[in-house]
Peer 1: 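Structure below; questions to follow.
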Amino acid sequence: MSSSATIGNDNELSDCVQQTSTGDRGTRRALGVNSNLPSVYGDQDAAASTPRRKRTPLTLAVEPGIHEGNASRKRQRSAPPIEPAELSTGAETRGRRRTRPLPIAAVEPGTHAGNATRTGQRRRQPTAAVEPGTGARTSQRRRQPTAAVEPGTGTENAPLTKQRTQPTVAVELGTAAENATRTRQRRTRPAAAVQPGRRGRNTTRRRTRTTSPTSDGEPSTDEDNRSPTRSRRGRVFEHDLTPAQRAIPDTGLLRDLGYHLSAYARAGRGPPTRNLNCRGAWHTAVELYREANDMYKELFVAAGFRDFLTIIPVDVPVAYNLALTERWFSETNTLHLPDCEIGPTPVDWTMITGVSFSGRRIEANSEFEIEKALDLLGKPGARKDGKIHLDKIKPKPEEVRGIPLTDDVRDKLFRRLFLYVVSSCFFSNNRSVISHNLVECLERIDEVGSYNWGEVTYAAFLAGMRRKVRAQTGAFTAFWQFLPFWAFEYLDVNRPKHKEGNIFPRASRWICPKSFSDRESPQFIGPRFINLRCQLNYVEESQVTWQPYLASAEYGSDAVQNAINLAKMRIPFQSIYTWEYYLGERCLRQLGFPCRVPNDPPRVMHGIKDGIFVGTPAESLVEENQEFTSWFGNNSIGRILDINRFLGGPDIAEKVLDQWRAKHQPDLIPIQKSQYEKLKEDRNALEEECAKLREELSQARGEESCVV
């Protein structure tokens with residue numbers, strides 16, 4: 001802060017205009033200073049002779065363009081020494097009682113400093129030096145120094161009662177830092193520094209959103225967790241469990257079960273209810289595609305998405321999807337039912353979605369820059385956090401309906417349309433962004449069909465399931481609707497009605513009315529979810545359809561046969577950000593093979609580096625001489641739900657039964673089952689004895705009749 005400005009007279013001081021600016025928690029003011037005060041240099045000796053108290057530290061300088069004040073306090077004892085103030089500033093002290101006037105800070109020309117009217121005033125407190133364009137208020141009672149604030153900011157301390165304040169941290173340009181009202185609080189913690197153009201305040205606020213780090217470099221997808229609770233392992237759960245409920249021993253196959261979603265079922269609780277958002281814009285993307293001109297649709301057909309885009313988007317049951325997710329384990333990328341293991345295969349992906357596995361692998365190119373991607377899309381301002389914002393590249397319906405004027409316009413519109421539709425369906429995340437590396441596949445639109453879109457979309461689904469069950473994200477991402485469609489095919493649980501005939505893709509055959517969905521109420525954790533969870537807890541192998549596609553005419557097509565060959569392998573699939581392992585040895589039963597014990601899965605099931613992935617035949621990764629039932633019981637989770645405790649237990653059931661019996665059957669006397677069995681045996685013995693006596697009696701009567 002500089003003090004070399006030109007000196008002005010008292011008239012100039014009185015001409016200054018009051019300034020008022022309003023922040024988030026209060027109003028900042030710069031009031032005029034008393035014009036009868038001595039000038040800076042004229043009364044320099046008087047200012048220097050002002051007595052100082054050792055117990056009060058020096059007040060720090062305040063940069064230009066701010067407002068800084070401390071709330072009202074009573075019985076202030078001492079005053080800090082005075083610093084000179086620069087041009088266009090105002091320093092004032094609010095009303096105090098029983099204080100003696102002391103010289104206030106010197107004010108340079110062009111400023112206005114005044115002291116408000118006080119009643120019964122004895123001693124006047126000097127105010128802190130203020131730079132041009134600022135104002136500082138000093139509250140009643142004892143004042144601690146306030147840290148320097150840079151130009152364009154404002155810091156205010158709201159009224160406090162019986163409180164001593166600590167200095168606040170510096171605030172940069174264009175910000176406002178405020179301390180909220182507190183009662184009987186001894187100290188306040190320093191406020192953190194705020195960047196230019198923002199406002200920071202120390203107040204009791206709702207906990208901010210938390211982002212959990214991902215290990216694969218994909219954009220964080222935890223922005224929907226409003227008030228998460230972090231475990232010591234850094235994973236996000238809204239309703240954290242007790243240490244005893246988390247103390248679930250690992251198996252030889254599954255690890256960290258205390259931090260898996262199944263832990264909530266074991267504890268008899270619902271899952272984190274705020275972490276159930278469903279990402280993606282499947283409905284909107286398909287509607288936009290159907291509005292497009294035929295020339296754009298032909299390019300979608302060439303890319304292999306024709307069959308998928310014929311599926312009418314429906315509201316699948318989110319509660320069922322969550323119940324299935326509780327039994328998904330990323331160590332194997334399969335579902336663990338009570339008696340068996342089953343998982344989505346590449347055959348399921350092709351049969352249900354219609355997207356095939358063929359073409360070149362899509363790999364990230366580090367040399368492909370985002371500026372070039374934005375230029376190919378014709379949207380240079382669509383960047384968000386180093387990626388492409390989908391909402392900013394979304395074309396309008398009128399843009400894709402008509403015939404483009406030039407080939408360049410057509411290419412840019414198709415890239416934007418294709419990227420928005422495919423990403424909204426298969427690569428959804430919480431921030432609605434997509435990697436710019438995907439645009440490289442669209443640089444030459446006549447080659448868009450030469451890439452393996454089945455692999456990249458299937459791997460994105462596996463990655464989304466892994467992040468969900470490991471609580472790296474709260475939302476359902478990727479094409480999460482696939483899991484309920486898959487379960488409809490295999491499990492005789494919550495299966496809706498379906499259309500008859502040879503329908504492909506298989507997702508089109510299921511009739512899901514709106515009442516079948518849980519989107520109508522976000523808090524759907526109720527009887528329906530409990531019912532689905534219980535059904536999966538007691539599902540048997542007889543309720544599993546191991547090969548649901550044998551009657552389909554498409555099962556023998558080249559696309560499905562290619563998927564069958566991949567399903568018989570242990571192979572990693574490459575997505576945009578990661579690669580994810582598929583373990584075919586654990587799904588051989590779904591391909592017509594006998595049930596056998598699979599080998600241990602790889603230690604690393606996913607990664608971020610590209611490479612040459614070679615598959616291993618799944619038939620070579622099984623144990624021939626090991627019994628499956630005992631192995632599965634020792635390595636999987638079995639039944640995770642205590643139905644008695646979850647539904648209330650026998651104690652509550654006994655009370656309900658007593659109330660019903662007292663009302664409807666007051667003369668009924670309950671007995672133990674063992675006593676009932678004994679009474680039943682005695683009754684049967686008595687009935688047999690009675691039957692013999694009747695027979696003997698009838699014989700005796702017959703003999704008497706013969707004698708007569």
Side-chain angles (χ1 to χ4, degrees), residues 241-254 257-258 260 262-271 323 326-327 335-342 491-495 525-544 595 626-701:
L241 303 178
T242 64
Q245 292 170 327
R246 296 284 189 193
I248 303 173
D250 295 345
T251 69
L253 178 64
L254 307 177
L257 293 178
H260 187 268
S262 59
Y264 292 89
R266 293 178 184 272
R269 297 178 58 179
E326 288 184 335
R327 288 191 168 271
L335 278 83
H336 286 245
L337 299 177
D339 299 323
C340 58
E341 183 179 358
I342 187 173
L491 305 179
D492 189 14
V493 175
N494 200 44
R495 181 178 287 170
I525 306 303
R528 182 175 183 181
F529 172 76
I530 294 174
N531 181 38
L532 293 169
R533 180 188 264 176
C534 293
Q535 290 186 61
L536 291 176
N537 193 65
Y538 289 93
V539 68
E540 299 177 355
E541 290 188 51
S542 60
Q543 296 177 270
V544 179
C595 181
Q626 192 171 358
E627 198 268 331
F628 178 82
T629 303
S630 60
W631 170 87
F632 188 78
N634 294 328
N635 288 272
S636 188
I637 57 173
R639 292 175 178 171
I640 60 177
L641 191 63
D642 185 353
I643 194 69
N644 291 326
R645 179 181 62 181
F646 191 79
L647 296 180
D651 295 335
I652 297 178
E654 185 177 358
K655 293 180 181 179
V656 174
L657 183 61
D658 290 341
Q659 293 177 359
W660 179 88
R661 187 172 57 248
K663 181 177 181 180
H664 299 283
Q665 299 288 342
D667 298 331
L668 185 65
I669 301 176
I671 61 174
Q672 296 290 335
K673 185 177 181 180
S674 58
Q675 296 179 1
Y676 171 76
E677 295 293 341
K678 186 177 183 306
L679 292 174
K680 186 177 180 180
E681 292 177 359
D682 295 341
R683 179 182 176 181
N684 293 337
L686 289 174
E687 289 179 352
E688 291 177 359
E689 185 177 357
C690 289
K692 291 180 181 180
L693 291 175
R694 291 191 187 96
E695 186 177 357
E696 292 177 357
L697 181 60
S698 62
Q699 290 178 357
R701 289 178 178 176

Peer 1: Counting heavy atoms not belonging to Glu689, are there more than 12 under 6.0 Å from its CD?
Peer 2: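 Open.
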
Peer 1: Counting only N and O atoms by type, is there a donor-acceptor contact under 3.5 Å from the side chain of Asn684 to the main-chain atoms of Lys680?
Peer 2: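 Indeed, once roles are kept as given, a pair shorter than 3.5 Å links the two residues.
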
Peer 1: Which heavy atom in Gln535 sits nearest to a heavy atom in Asn494, and how many Å separate them?
Peer 2: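 Taking Gln535 first and Asn494 second, the nearest heavy atoms are OE1-N, 4.3 Å.
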
Peer 1: Rounded to the nearest 0.5 Å, what's the gap from CG on Leu257 to CD1 on Ile640? Could you check?
Peer 2: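 If we round to the nearest 0.5 Å, Leu257:CG and Ile640:CD1 are 10.0 Å apart.
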
Peer 1: Could you measure the distance from the CG atom of Leu536 to the CG atom of Leu532? Nearest 0.5 Å is fine.
Peer 2: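 Going from the CG atom of Leu536 to the CG atom of Leu532 covers 7.0 Å.
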
Peer 1: Testing the basics here: between Tyr264 and Arg246, what is the closest heavy-atom pair and its distance to 0.1 Å?
Peer 2: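 Closest approach of Tyr264 to Arg246, heavy atoms only: OH-NH2, 3.5 Å.
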
Peer 1: Please step through side-chain contact (heavy atoms from CB on, under 4.5 Å) for the pair Lys678 and Gln675, ending with a clear verdict.
Peer 2: CA-CA 5 Å; Lys678 186 177 183 306; Gln675 296 179 1; 5.7 Å; no

Peer 1: So which atom in Gly258 and which in Ala263 form the shortest heavy-atom distance, rounded to 0.1 Å?
Peer 2: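 In this case the closest contact between Gly258 and Ala263 is O-CB, 3.7 Å.
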
Peer 1: Looking at Ala265 and Leu641, what are the two nearest heavy atoms and their distance?
Peer 2: O-CD1, 3.2 Å

Peer 1: Applying side-chain contact (heavy atoms from CB on, under 4.5 Å), run through Arg269 and Leu241 and close with a yes or a no.
Peer 2: CA-CA 9 Å; Arg269 297 178 58 179; Leu241 303 178; 3.1 Å; yes

Peer 1: With sequence neighbours left out, what residues match Glu687 under salt bridge (Lys or Arg N to Asp or Glu O under 4.0 Å)?
Peer 2: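 For Glu687, the residues satisfying salt bridge (Lys or Arg N to Asp or Glu O under 4.0 Å) (neighbours in sequence not counted) are Arg683.
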
Peer 1: Indicate yes or no for a side-chain donor-acceptor contact from Arg327 to the backbone of Ala323 under 3.5 Å, with no hydrogens or angles considered.
Peer 2: no

Peer 1: Walk me through whether His336 and Leu254 qualify under side-chain contact (heavy atoms from CB on, under 4.5 Å).
Peer 2: CA-CA 10 Å; His336 286 245; Leu254 307 177; 4.1 Å; yes

Peer 1: When rounded to the nearest 0.5 angstrom, what distance separates CZ in Phe632 from CG in Leu337?
Peer 2: 7.0 Å

Peer 1: In terms of ring plane angle, is the pair Trp631 and Phe628 parallel, tilted or perpendicular, where the classes change at 30° and 60°?
Peer 2: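 Judged by the thresholds at 30° and 60°, the geometry between Trp631 and Phe628 is tilted.
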
Peer 1: Just to verify, what does Ser630 make a side chain to side chain donor-acceptor pair (under 3.5 Å) with, not counting sequence neighbours?
Peer 2: Glu627

Peer 1: Report the C-alpha distance between Asn634 and Thr251 in whole Å, list the side-chain angles of each, state the deciding distance to 0.1 Å, and finish with yes or no for side-chain contact (heavy atoms from CB on, under 4.5 Å).
Peer 2: CA-CA 7 Å; Asn634 294 328; Thr251 69; over 6 Å; no

Peer 1: Taking atom CG of Asn537 and atom OG of Ser262, what is their separation to the nearest 0.5 Å?
Peer 2: 11.0 Å

